[in-house]
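Contents: one structure, followed by commentary.
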Amino acid sequence: MTPPNNAETPEAAPRPSNFIRDIMVEDARIGKHSGRVLTRFPPEPNGYLHLGHAKSICLNFGLSKEFGGATNLRFDDTNPEKEEQEYVDSIIDNVKWLGFQWQEPVCFASDYFQQLYDWAVQLIQSGKAFVCDLNAEQVRQHRGTLTEPGKHSPFRDRPIEESLDLFARMKAGEFPDGTRTLRAKIDMASPNLNMRDPVMYRILNAEHHRTGNAWCIYPMYDYAHGQSDSIEGITHSICTLEFEDHRPLYDWFVQQLGIFAPRQIEFDRLNLTYTLLSKRKLLQLVQDNHVSGWDDPRMPTLSGIRRRGYPPEAIRNFCANIGVSKTNGILELGLLEHYVREDLNKRASRYMAVLKPLRVVIDNYPEGETEWLDAVNNPEDESAGTRKVPFSKVLYIEQDDFKEDPPKQFFRLSPGREVRLRWGFYIVCQSVVKDEAGNIVELRCTYDPLTRGGGAPDGRKVKATIHWVSAEHAVNAEVRVYSTLFAKENPNDVEEGKDFLSNINPDSLEVLADCKLEPALGTLAVEECVQFERLGYFCVDKDSAPGKPVYNRTVALRDAWAKIEKRGK
RNA sequence: UGGGACGUCGUCUAACGGUAAGACUGCAGACUCUGGAUCUGCGUAUCGGGGUUCGAAUCCCUGCGUCCCAGCCA
């Protein structure tokens, strides 16, 4: 595979704008923040990144770069019960792999715990926050409902000094989990539930992956996020739609504190057919062993699609072209696959591999002889050069490339028919050998020595070219063929009483253990992505062992014959 | 039945009061040593109803539909 192309060039293909870019253009025009642009990508380290995050990453990094700014990578690590270092590591690795460089250093909300605490004290002092002794259940009961206003906490008007003292003792670890919270004093009658005296701090006697046991109170998202943005001087805080209702609260804290005010802008999260983009559900798939891990090639995680063979350039291209809006929609998986094929078509070297072998003996070819034929590596890229492929008397072809009784539009091999072997000779099928059960086990063919290289001197044409591998020189391999992890377009569309697991596609993984590869395919590095001619794009899996490669099918080639066949049924 | 947001080809996105455009998909064809790639052609899609306007996808009113919010998750 040749090195990455110029997919990074922002001006390469002028794309339609989007409402966020429009906002930034306008901000630049009026000189907001003196033209400075700083965005951030703020994952919580409680799972692996997926394609939805890729959209956010491309948006944040892409936009800031476009406006001459930078992007912070900040871990939103305010919930020690769910967060782990493993996730931090994977996220850093994934962002790098996608091809983005954040502004050093990597940031952590936990780095701001002291500042956040000091600000909380300040809010208590100014009468804008109070320590509440209600437990979780009581808080819920006081909150009211969507249609009814909430009730004030009985502790809402307790003396400031008392709240200050209690808050200090919360921090000192005097109280068990859940017994008290720090709450903002806003409006229990607000139609926006987020404004009904939201919890700012809760007591959590849990060890944090970075701060250890230094803290036993932890800030809530709403209290931590905006202030973290402010501390870093984020100009545009881009997040997904479900945070729209939180924006008034985001703005409220910043305003009460009188600190730098970033602007939160919400966009629609990515949805894909046949795909689940929910960390919680992906975690469940991993924990319950429905997949082999976070990097199972069927997973929509960045680690998964990387192992599957999706190039980062293709993902970036996809993200750059799907657009950004506030509409809740579901993108067709086929669009993603289009960008993967588009990228791989330009860069992947072609090889021949037979997945379901059918033995072919060339009767008129000399026994024990081998000749090396020239094959073009990539018709889309002349600089990829050529290679030699061994040809001999016994070959394998694809079972699907032979039919004893060919239907109308089937152009491939059948009794008496002549086809071309890619880069090789024309052959004619003379007879079919079957076992006792009637299964086809071998084809006896003859070849035309004059057609070496694939052309006939007399100019006669064949309707098909098929791929093949010399039996004597073949590398045995395992190939894993994937289809969607879920059988339904919308995996969450389930019958009463069932959950998304009931939509798992039982055939999402097909292991082909007896594949025959041309020799060059036996020595490629893990993650190398190539095209198996006429089949699809495949990449070397990390499970490969010396002499026993394992390939993943990244994506199949578009298949006109498959369509015809399907239509006939 | 409170609040917030959103409704444009099958799907996603554009059009910012002035000819509804692009990508993907699909179909038909050309070309081809990959039934790949490439190329060509095919589109009455603005949620409904009123209104403002010379002119409305765009502005106003109204109806309908979809999504989000009642974690001490993010």
Side-chain angles (χ1 to χ4, degrees), chain A residues 15-18 22 42-44 46 76-79 81-83 132 134-137 139-140 143-150 177-183 190-196 198-204 217-218 220-222 224-225 239-248 266 268 271 273 279-280 321-339 341-342 345-346 350 352 375-376 379-380 409-412 420-424 426 451 453-455 461-467 531-536 556-564:
Chain A
R15 284 180 295 272
S17 192
N18 63 59
D22 290 346
E44 182 190 9
N46 67 342
D76 221 335
D77 56 348
T78 57
N79 184 356
E81 294 182 327
K82 292 184 176 173
E83 295 152 7
C132 178
L134 261 26
N135 63 33
E137 174 59 23
V139 167
R140 187 179 318 132
R143 188 156 29 228
T145 68
L146 293 178
T147 51
E148 300 158 30
D177 286 5
T179 51
R180 261 174 256 260
T181 56
L182 181 71
R183 294 225 259 160
S190 172
N192 181 345
L193 267 37
N194 294 123
M195 301 299 272
R196 319 242 266 225
V199 171
M200 294 165 59
Y201 272 90
R202 75 285 213 190
I203 300 170
L204 241 37
I217 57 172
Y218 291 90
M220 299 288 290
Y221 166 86
D222 283 308
H225 201 93
C239 61
T240 43
L241 249 28
E242 68 271 26
F243 292 101
E244 216 150 14
D245 287 340
H246 295 245
R247 184 165 12 106
E266 311 85 13
D268 62 327
N271 290 301
T273 54
K279 270 198 218 168
R280 204 206 96 225
N321 284 286
I322 54 177
V324 183
S325 72
K326 300 186 71 143
T327 320
N328 266 319
I330 305 176
L331 238 42
E332 288 172 348
L333 222 211
L335 184 61
L336 208 212
E337 294 183 332
H338 161 77
Y339 284 102
R341 288 194 191 97
E342 180 187 65
N345 174 51
K346 286 179 295 192
R350 274 63 169 171
M352 292 196 287
V376 172
E380 305 290 322
Q409 296 175 77
F410 185 86
F411 305 144
R412 284 110 94 148
R420 172 169 39 233
L421 295 178
R422 180 75 156 157
W423 310 121
Y426 286 13
T451 58
K461 301 283 185 192
V462 287
K463 292 208 77 170
T465 300
I466 64 175
H467 60 276
Q531 184 188 107
F532 290 177
E533 292 222 33
R534 304 208 307 132
L535 297 174
L557 249 26
R558 294 188 68 205
D559 190 344
W561 169 242
K563 265 185 206 168
I564 294 168

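Quick note on labels: first sequence line is chain A, next is B, and so on, each numbered from 1. Quick caveat, the model's predicted, so the values are computed rather than measured.
Residue-level contact check: Val376(A) touches neither bases nor backbone, having no heavy atom under 4.0 Å from any strand. At a threshold of 4.0 angstrom between heavy atoms, the contacts of Glu533(A) include nucleobase atoms, whether or not backbone atoms are also involved. Within 4.0 Å of Gly178(A), counting heavy atoms only, lies at least one base atom of the nucleic acid. Backbone-only engagement by Thr78(A) is indicated by non-hydrogen atom pairs under 4.0 Å involving sugar-phosphate atoms exclusively. Across all strands, Leu182(A) comes closer than 4.0 Å to no nucleic acid atom at all (heavy-atom distances). Using a 4.0 Å heavy-atom cutoff across all strands shown, Ile466(A) reaches no nucleic acid atom at all. Counting non-hydrogen atoms under 4.0 angstrom, Asn194(A) reaches nothing in the nucleic acid. Using a 4.0 Å heavy-atom distance criterion, Gln531(A) is classed as a base contact. Within 4.0 Å of Thr181(A), counting heavy atoms only, lies at least one base atom of the nucleic acid. Residue contacts for Phe410(A): at a heavy-atom cut-off of 4.0 Å it reaches a base atom on one of the strands shown. Across all strands shown, Tyr339(A) has heavy atoms under 4.0 Å from sugar-phosphate atoms exclusively, and none from any base. No contact: His467(A) has no heavy atom under 4.0 Å from any strand. If you check every strand for non-hydrogen atoms under 4.0 Å, Asp22(A) touches a base. Within the nucleic acid shown, Pro43(A) has no heavy atom closer than 4.0 Å to any nucleic acid atom.
Across all strands shown, nothing is found opposite G36(B) as a Watson-Crick or G-U wobble partner with both distances under 3.5 Å. Pairing for A14(B) is absent, with no Watson-Crick or G-U wobble pair whose two atom distances lie under 3.5 Å. Figure legend. G26(B) is base-paired to C42(B); pairs are counted as Watson-Crick or G-U wobble with both atom distances under 3.5 Å. The partner of G55(B) cannot be assigned: no Watson-Crick or G-U wobble pair with both contacts below 3.5 Å exists in any strand. Using N1 to N3 plus N6-O4 or O6-N4 for Watson-Crick, or N1-O2 and O6-N3 for G-U wobble, each under 3.5 Å, A20(B) pairs with nothing. Base-pair partner of C67(B): G4(B) (Watson-Crick or G-U wobble, both distances under 3.5 Å).
OP1 or OP2 of C67(B) has not a single side-chain nitrogen or oxygen of Lys326(A) nearer than 4.0 Å. Contact between the side-chain N/O atoms of Arg422(A) and the OP1/OP2 oxygens of U32(B) is not found at any separation under 4.0 Å. The side chain of Arg280(A) contributes no N or O atom lying less than 4.0 Å from OP1 or OP2 of A74(B). At the phosphate of C69(B), neither OP1 nor OP2 sits under 4.0 Å from any side-chain N or O atom of Arg143(A). Listed pair Arg534(A) / G35(B) meets the phosphate criterion, a side-chain N or O lying under 4.0 Å from OP1 or OP2. Here Arg350(A) does not reach the OP1 or OP2 of G36(B): none of its side-chain N or O atoms lies under 4.0 Å away. Contact check, Thr327(A) against C6(B): no side-chain N or O comes under 4.0 Å of OP1 or OP2.
Considering only the side chain of Leu193(A), C69(B) comes nearest among C69(B), G3(B), G35(B). With C68(B), C69(B), U25(B) as the choices, the nucleotide that has an atom nearest any side-chain atom of Glu242(A) turns out to be C68(B). Closest approach to the Glu332(A) side chain among U11(B), C67(B), A74(B) is made by U11(B) (side chain taken as heavy atoms from C-beta onward). Out of U11(B), G36(B), C72(B), the shortest distance to the side chain of Ala560(A) is found at G36(B). Among the nucleotides G35(B), A37(B), A5(B), the one closest to the side chain of Phe411(A) is G35(B).
An anti base is found at G4(B): its glycosidic angle is more than 90° from 0.
When side chains are defined from C-beta on, His467(A) counts as touching Leu535(A), because their heavy atoms get closer than 4.5 Å. The side-chain heavy atoms of Asn79(A) and Asn46(A), taken from C-beta on, include no pair separated by under 4.5 Å. Side-chain contact check for Ile217(A) versus Leu204(A): every heavy-atom pair is 4.5 Å or farther apart. Side-chain contact between Lys326(A) and Asp268(A): absent, with no pair of heavy atoms (C-beta onward) separated by less than 4.5 Å. Using a 4.5 Å cut-off on side-chain heavy atoms (C-beta onward), Arg350(A) and Val376(A) make no contact.
Look at the P atom in both G4(B) and U40(B): the space between them is 49 Å, to the nearest Å.
The separation between Asp222(A) atom CG and A70(B) atom P is 11 Å, rounded to whole Å. Lys461(A) places its NZ atom 7 Å from the P atom of U32(B), with the value rounded to the nearest Å. Nucleotide U32(B) holds its P atom 13 Å from the NZ atom of Lys463(A), rounded to whole Å. Atom CG in Leu331(A) sits about 11 Å away from atom C1' in A23(B), given to the nearest Å. Between the NZ atom of Lys563(A) and the P atom of G35(B) there is a distance of 14 Å, rounded to whole Å. A straight line from CD of Glu342(A) to P of C24(B) spans 8 Å, rounded to a whole angstrom. Rounded to whole Å, the distance from CG on Leu241(A) to C1' on G3(B) is 15 Å. To the nearest angstrom, P of C72(B) lies 16 Å from OH of Tyr221(A).
A donor and an acceptor atom sit less than 3.5 Å apart, one in the side chain of Glu380(A) and one in the base of G36(B). For a distance-only test at 3.5 Å, the side chain of Asp245(A) qualifies as a donor-acceptor partner of the base of G3(B). Counting distance only, with no hydrogens placed and no angle test, the side-chain atoms of Arg412(A) and the base atoms of G35(B) include a donor-acceptor pair under 3.5 Å.
Of the inter-residue distances, the one linking Asp245(A) atom CG with Leu193(A) atom CG reads 9.0 Å to the nearest 0.5 angstrom.
At least one donor-acceptor pair closer than 3.5 Å links the side chain of Arg420(A) to the backbone N or O of Gly454(A).
A salt bridge is absent between Lys279(A) and Glu44(A): the closest approach of a Lys/Arg side-chain nitrogen to an acidic carboxylate oxygen does not fall below 4.0 angstrom.
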